[in-house]
Amino acid sequence: MTQTTTQAECFICSNPITYSPRYPERLCESCMKKAVNQQGEKITFYNESMSGGFISYNESTKLQGKEHICFVNGYECYADEAYMGGIVLVPTDKSKQKKENKGKQNKKIRILLMLISAVTAPVSIWAAYAISRNGYFNNVFKLFDVFTITGGTGMLLFFSLTFYRYKIVIGLIAALYAATGFYITYYYGYRDDVFLDTVAIVNLISACLLLVYLILSTDYVNQKTKDLQQKKAKGSSAWVLLIIAPVFLLIAAQIYFSIQGEELAETMIETAPYSTTIAAVKEVREYKTRNRSGATRLHKEALLQYTVNGFTFYRIIDNKTADFTTGSQLKLNYVIADPYMIKVLP
């Protein structure tokens, strides 16, 4: 349990309470109201008079007594008259050991889940890459969905377990991944090079989270974050800009470089050294997705297969205008330095 000379945490709920050297581990008033006896009957505690004393009151039997042992959220506690008056509830040694053991068990589970997600996420993303870039995209479209979602979920789980102490970061993680899922699902509809865009977005999220974590690790910002979570006066809010500004700058940079990358790709196809080859249409497909306004959108795509220097390449192109059929042959230009960059000739 973390504490300072002025601040401590409730033994049960970990909410901040005033530090007391006499009772370093005690319960807050909210948790004290949850006290029950061994039979599960609600029990409250009072002073006998203004001068002190101790009385327990069983709200089920309506009887007063001297019951000191009670239970809060399954933890055994001891209630007694506090020094200088009032009532104090402190955990028993049995409860302290129980909480310590539970903490160790939770830590083991958290580390295990982190290891599993750390392995699952990249493996799933790699599998999605293999599907999208090696000609199996059409054949196992649903499997591509599974790997993409599994990879994203694995990364979300990894970051959540890593930054679980920071509620603000957890909220940011959820918001970023929700935005990513919305962007990919409703804007792209899993078409063509969605994998590369997914990786770019995931890298952006990772960079944002790492930057935020490093900022939160500084003593000044860390204390301000705790004050905000405890609903204390925040004072100057300039520290918030240290988190918000870098995140938005990274997002703006991603958008800028994405646009520049598309323009560069178009320029390279037109100006870079290129060659011509014949591509065959392996498969065609149609499917529908819903856009952001809820309207149905029809997708028509063709899977191309072509060979360059003995290597086989696959690309999915929009088929709405051309309306190619399976087995069609077509000419295309490809950039010699990057055969994935193609332009279908009329």
Side-chain angles (χ1 to χ4, degrees), residues 1-3 8-16 25 27 31 34 71-77 91-132 140 142-182 184-185 195 198-219 221-222 225-226 229 243 247 250:
M1 180 171 61
T2 58
Q3 59 187 31
E9 294 178 352
C10 170
F11 178 83
I12 299 295
C13 66
S14 299
N15 281 337
E25 294 180 302
L27 277 63
C31 289
K34 301 176 183 177
F71 297 84
V72 179
N73 290 0
Y75 288 98
E76 184 182 81
C77 299
T92 62
D93 290 339
K94 185 192 299 184
S95 289
K96 293 177 184 178
Q97 187 63 48
K98 178 181 178 180
K99 187 172 184 179
E100 183 180 349
N101 293 339
K102 186 176 180 181
K104 290 179 180 179
Q105 183 180 15
N106 290 341
K107 184 177 181 180
K108 289 180 181 179
I109 294 173
R110 184 169 64 85
I111 292 174
L112 178 61
L113 289 176
M114 286 179 67
L115 290 173
I116 292 173
S117 60
V119 174
T120 302
V123 168
S124 298
I125 291 175
W126 176 85
Y129 170 81
I131 290 173
S132 67
V140 283
K142 294 299 181 185
L143 192 57
F144 176 81
D145 293 347
V146 170
F147 282 132
T148 303
I149 294 171
T150 302
T153 303
M155 293 201 68
L156 174 60
L157 180 62
F158 178 79
F159 282 120
S160 298
L161 292 171
T162 302
F163 304 119
Y164 73 101
R165 292 183 182 274
Y166 298 99
K167 295 178 182 178
I168 292 178
V169 178
I170 294 297
L172 177 63
I173 291 170
L176 287 173
Y177 273 92
T180 302
F182 178 85
I184 293 172
T185 303
F195 173 80
T198 304
V199 171
I201 294 170
V202 168
N203 286 340
L204 173 64
I205 292 174
S206 303
C208 290
L209 295 175
L210 179 60
L211 181 61
V212 170
Y213 176 73
L214 292 175
I215 293 171
L216 287 173
S217 296
T218 61
D219 293 337
V221 177
N222 187 37
T225 305
K226 288 181 178 179
Q229 292 175 353
I243 297 175
V247 170
L250 280 170

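Worth knowing before you read on, the calculation uses all heavy atoms, side chains too, and leaves out hydrogens, waters and symmetry mates.
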Which heavy-atom pair separates [X] from [Y] by the least distance, and what is that distance?
X	Y	result
L161	M114	CB-CG, 3.5 Å
C31	I12	SG-CB, 3.7 Å
E25	P91	O-CD, 3.3 Å
L157	L113	CD2-O, 4.4 Å

Q: Report yes or no: do Q97 and N101 form a side-chain donor-acceptor pair below 3.5 Å?
A: yes
Q) Within the side chain of K98, is there an N or O that forms a donor-acceptor pair under 3.5 Å with the backbone of G74? A) yes
**Q.** Main-chain N/O of E76 paired with S95 side-chain donor or acceptor, under 3.5 Å
**A.**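 Here the side-chain-to-backbone pair exists.
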When rounded to the nearest 0.5 angstrom, what is the spacing between [atom1] in [X] and [atom2] in [Y]?
X	Y	atom1	atom2	answer
F71	T92	CZ	OG1	8.0 Å
T120	L115	OG1	CG	10.0 Å
N106	K99	CG	NZ	11.0 Å

Q: Identify whether the distance between the nearest side-chain nitrogen and carboxylate oxygen of K96 and E100 falls below 4.0 Å.
A: no
